[in-house]
2 protein chains.
Amino acid sequence: MTTAPGTSLRITIPELASLLRPALLRLTRIVRNQRVDLSVTLTQLSAMWTLEKRGPMSAGELANCERVQPPSMTKVLANLEERGLVRREVHPTDRRQAIIAITPEGVTLLDSERRSRDAWLTQQLGTLTAEERALLQKVIPIFDKLAAQ
Amino acid sequence: MTTAPGTSLRITIPELASLLRPALLRLTRIVRNQRVDLSVTLTQLSAMWTLEKRGPMSAGELANCERVQPPSMTKVLANLEERGLVRREVHPTDRRQAIIAITPEGVTLLDSERRSRDAWLTQQLGTLTAEERALLQKVIPIFDKLAAQ
DNA sequence: TATTGTTATACTCTATAACTATA
DNA sequence: TATAGTTATAGAGTATAACAATA
């Protein structure tokens, strides 16, 4: 099963699916557990990160970005709001919608979390070759494409 | 610092970490939910798949393969055993250890699960280009390396 | 009547701490 | 005393179904 650099044995698409799925699952388990500040989980961090990157948006829109169902996002937001890391405002013209925004406290936490929390993954990535990292970078948009359903 | 043909812009390692983490999280969420037979979860399936691929092993060894703590594996195995999908035997020389093996029923379920459950991912992978699939295939061992801690 | 979001409920996933049995 | 595994406990993550408020 060894492959020379740059070449790979051809496998079928279902075989690729069978290999990719558990590999994803295991790596995500590890990444999820690399927490320095135990008060913020990966799920919460990812939601905050999206809010920071894309700006304020409705709860439903955020759930869609994060690929979770609305009730799941409700829970995450309740937790974050309670701690003052995000705030909600009513939509100016549609009072059903809650517009969620990250707070300055949220941004501050995000910065320090990112520095400390990324430490493990950053360190791990540092052990790879530049080619392997380039490969990872190229695969991210493919993941996004797959996750887009 | 040469740029190989086909590579994208170079980013820093922490930036790569910040991009990779949420991409992983979101794709795993989607993949986890693609269940045809609702009775078997991705976590259970992955454990069974490892047993099938690597053969019988102790509960602790399996937990290690799957990157979970022993009590988490205990739960998974209790569920699988109850349904006759795995069986346990006591270790011939060390009666503390439980040697776990997949049963013929487990293999059967795994086969049909793989066919049906992989349907979504297989279909999604089919929408990618051959180059993108080759990239995914090459990235799997890198994931395994990262997950190995 | 349709849409946005929340509440109610339930189950899986996962961990840490404490315990049991065996070595 | 050390190791393998289980039990006890707890919380996060996530979903579906039912509901409320608003459009």
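The structure presented is a predicted model; accordingly, all values stated were derived computationally and were not measured. A, B, ... follow the sequence lines: proteins, then strands. Residue 1 opens every chain.
- A:Glu132 and B:Lys145 are joined by a salt bridge, as a carboxylate oxygen and a charged side-chain nitrogen come within less than 4.0 angstrom of each other.
- Look at B:Arg29 and you won't find any side-chain N or O under 4.0 angstrom from OP1 or OP2 of C:dT12.
- The phosphate of D:dA12 (OP1 or OP2) has no side-chain N or O of A:Thr43 nearer than 4.0 angstrom.
- For B:Asn33 and D:dT14, the shortest distance from a side-chain N or O to OP1 or OP2 is not below 4.0 Å.
- Within the nucleic acid shown, B:Ser46 has no heavy atom closer than 4.0 Å to any nucleic acid atom.
- Place B:Met73 and A:Asp94 on DNA chain D by their nearest nucleotides, and B:Met73 ends up nearer the 5' end.
- Here C:dC13 presents its P atom at 11 Å from CG of B:Leu45, a figure rounded to the nearest Å.
- Between the CD atom of B:Gln34 and the P atom of D:dT14 there is a distance of 14 Å, rounded to whole Å.
- Each of D:dT16, D:dG5, D:dA2 was ranked by its minimum atom distance to the side chain of B:Arg96; first place goes to D:dA2.
- Regarding contacts with the backbone of C:dC13, every side-chain N or O of B:Ser72 stays at 4.0 angstrom or more from both OP1 and OP2.
- A:Arg26 and B:Cys65 make their closest contact through CD-O, 3.5 Å (heavy atoms, listed as atom of the first residue, atom of the second, distance).
- Across the protein-nucleic acid pair, B:Asn64 atom CG and C:dT14 atom C1' stand 16 Å apart, rounded to whole Å.
- Remark: A:Ser58 is in phosphate contact with C:dG5, judged by side-chain N or O atoms under 4.0 Å from OP1 or OP2.
- Atom P of nucleotide D:dG13 and atom CD1 of B:Ile30 are separated by 17 Å, given to the nearest angstrom.
- Listed nucleotides: C:dT6, D:dT6, D:dG13. Nearest to the side chain of B:Pro71: D:dT6.
- Closest approach of A:Ile99 to A:Pro56, counting heavy atoms only: CG2-CB, 3.9 Å.
- At the heavy-atom level, B:Thr28 lies nowhere under 4.0 Å from the strands shown.
- For A:Arg95 against D:dT22, no side-chain N or O and base N or O form a donor-acceptor pair under 3.5 Å.
- What separates CZ of A:Arg88 from P of C:dT4 is a distance of 16 Å, to the nearest Å.
- Here the P atom of nucleotide C:dT12 and the CG atom of A:Leu25 are 16 Å apart, to the nearest Å.
- Phosphate proximity of D:dG13 to A:Thr41: present, with a side-chain N or O under 4.0 Å from OP1 or OP2.
- In this structure, CG of A:Asn79 is placed 13 Å from P of D:dT14, rounded to the nearest angstrom.
- Between the side chain of B:Lys75 and the base of C:dT12 there is no donor-acceptor pair of N/O atoms closer than 3.5 Å.
- Counting only N and O atoms by type, the side chains of A:Arg29 and A:Asn33 include no donor and acceptor under 3.5 Å apart.
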Residues B:Arg83, B:Gln44; criterion side chain to side chain donor-acceptor pair (under 3.5 Å); working and verdict: CA-CA 12 Å; B:Arg83 289 191 275 166; B:Gln44 293 163 349; 3.2 Å; yes
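- For A:Arg32 and B:Thr28, the side-chain atoms include no donor-acceptor pair closer than 3.5 Å.
- Atoms CD (A:Gln97) and P (C:dA2) sit 19 Å apart, rounded to a whole Å.
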